[in-house]
Number of protein chains: 2
Amino acid sequence: MKTDSSQGLIETCAVKGIHPDVIARVESNMPEAVHLYELSDLFKAFGDSTRIGILWALSISELCVCDLCALLKMKQPAVSHQLRNLKQARIVKSRREGKVVFYSLDDEHVARLIRLGMEHVREQGR
Amino acid sequence: MKTDSSQGLIETCAVKGIHPDVIARVESNMPEAVHLYELSDLFKAFGDSTRIGILWALSISELCVCDLCALLKMKQPAVSHQLRNLKQARIVKSRREGKVVFYSLDDEHVARLIRLGMEHVREQGR
DNA sequence: TTATTATATGCTCATATATTCATATGATGA
DNA sequence: TCATCATATGAATATATGAGCATATAATAA
C-alpha cells in the first residue's frame, strides 16, 4: 500500500530512500518481478565456464555430447548434466540420430548475447 | 601434443570424440580459455535477481545505495554486498557525494546486454 | 568532541550448484 | 538374445554464494 509519496521531499534513508522522485521514475521503468527472475535465470545459465564453453562451441556448429567432451576436455557426465541445465532453460535443443545426440542452440539471441558479452570482455581487458 | 588426427576418420567417443573434423573446426573458433572464464564471470554477475534488479535500475538512472534499497525492498547490507560484487566485476562504478554514494553502470555494454536478454525472455514467454 | 546518518564489511548459516562415480537407459549390430 | 557404444541420471561430496546480524568506517553537523 502506498500512502504518502509527496514529491521531492527528502526523507530518511532507512525507510523510504533519499530521493523519492528518482525512485518513482525508475520504478515505473522496472519490469515485472517475474521477468527479472527469468532474466537472471537466463544469465545464470551463461554464468559458468563449462556452460559458456558449450554454448560458444554450439554457436559454431551443432555438436554431439561426445565431441563436446573432447572439445572441453571434460568427463561425459559433467557435460551431460550441464546440457540438461541448458535444455531445461530452453537455451539448447537436442536431436537424436541413432545412438548419438546432437545439441544446438535453440535461439539466435543466445549467440548474439555471447558475442556481445565477449566484446565487453575484450574491451575491458584493454 | 597432437599426434594423429587423420581427416574424417571416425574414432571412438571416449577418447577423442566422434567427429574429429568438426571438433577441429570448432576448436579453431574457440576463444582462449581465459576469455571464456572472464565471459562466464561477466554473466555470473548478471545471474542473480538482486543484481539484475540493481543493474536494470542503474540502466535507468544513477542511484544511491539507499534508493536502491527502497526500490528493491531489500536490506542495506544485502544491497551493499551485491554492489561490491558488481564493482569488483567492473560492471558498476561509484561516486561519493558527502555521506551518499551514487552508483552507475560502468559501460554501455551492460545495458545492451540486459535489454537483449530481456528481449529473449519476453519472446520465450510467448 | 559527540551524535547522527549513509555505507561498507567480517562472520556465519543456509542453500545452491558443479563435478565425480556408479549405474541406468537407449540404440545398434552380431 | 547379448554385447557394445553413446548418453542420461541418481547419489554423494565439495565448493560457492546470498542474506542476515553486528559492527566498522566515513562524512557531516551540533
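Since the structure is predicted, the reported quantities are computational estimates derived from the model, not experimental observations. By convention in this document, chain letters (A, B, ...) are assigned in the order of the sequence lines, proteins followed by strands, and residues within each chain are numbered from 1.
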For a quick test of reading the model: is some side-chain N or O of [X] closer than 4.0 Å to OP1 or OP2 of [N]?
{"X": "A/Thr50", "N": "C/dA18", "value": "no"}
{"X": "A/Lys75", "N": "C/dT19", "value": "no"}
{"X": "B/Asn85", "N": "D/dG18", "value": "yes"}
{"X": "B/Tyr103", "N": "C/dA8", "value": "yes"}

Can you tell me the distance, in whole Å, between the [atom1] atom of [X] and the [atom2] atom of [N]?
{"X": "A/Arg84", "N": "D/dA11", "atom1": "CZ", "atom2": "P", "answer": "11 Å"}
{"X": "A/Leu72", "N": "C/dT19", "atom1": "CG", "atom2": "P", "answer": "10 Å"}
{"X": "A/His81", "N": "C/dA22", "atom1": "NE2", "atom2": "P", "answer": "15 Å"}
{"X": "A/Ile54", "N": "C/dT19", "atom1": "CD1", "atom2": "P", "answer": "9 Å"}
{"X": "A/Lys99", "N": "D/dA8", "atom1": "NZ", "atom2": "P", "answer": "14 Å"}
{"X": "A/Ile52", "N": "C/dA18", "atom1": "CD1", "atom2": "C1'", "answer": "16 Å"}
{"X": "A/Glu97", "N": "D/dC5", "atom1": "CD", "atom2": "C1'", "answer": "15 Å"}
{"X": "B/Tyr37", "N": "C/dA18", "atom1": "OH", "atom2": "P", "answer": "13 Å"}

Exercise. Would you find more than 12 non-hydrogen atoms of other residues, nucleotides or ligands less than 6.0 Å from A/Phe102 atom CZ?
Worked result: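 Above 12, so yes.
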How would you label the contact of [X] with the nucleic acid (heavy atoms, under 4.0 Å): base, sugar-phosphate, or nothing?
{"X": "A/Lys44", "value": "sugar-phosphate"}
{"X": "B/Ala78", "value": "sugar-phosphate"}
{"X": "A/Phe102", "value": "nothing"}

For this session: On the 0 to 90° scale, with breaks at 30° and 60°, tag the A/His109-B/His120 ring pair as parallel, tilted or perpendicular.
Result: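 Answer is perpendicular, since the angle exceeds 60°.
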Side chain of [X] only, heavy atoms from C-beta on: which candidate in [options] is closest?
{"X": "B/Arg96", "options": "D/dA26, C/dA18, D/dA19", "result": "D/dA26"}
{"X": "B/Val101", "options": "C/dA18, C/dT7, D/dA8", "result": "C/dT7"}
{"X": "A/Gln82", "options": "C/dA18, C/dT20, D/dG18", "result": "C/dA18"}
{"X": "B/Pro77", "options": "D/dA22, C/dT7, C/dT19", "result": "D/dA22"}
{"X": "A/Arg51", "options": "C/dA18, C/dT20, C/dT9", "result": "C/dA18"}

Short side-chain to backbone donor-acceptor contact, [X] and [Y], under 3.5 Å:
{"X": "A/Lys93", "Y": "A/Leu105", "answer": "yes"}
{"X": "A/Ser80", "Y": "A/Pro77", "answer": "no"}
{"X": "B/Lys44", "Y": "A/Lys44", "answer": "no"}

For this session: Would you state whether a donor and an acceptor, one from the side chain of B/Gln76 and one from the base of C/dA8, lie under 3.5 Å apart?
Result: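 Per atom types, the contact qualifies.
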For this session: Tell me, with the steps shown, if B/Val100 and B/Cys66 meet side chain to side chain contact (heavy atoms under 4.5 Å, CB included).
Result: CA-CA 8 Å; B/Val100 182; B/Cys66 188; over 6 Å; no
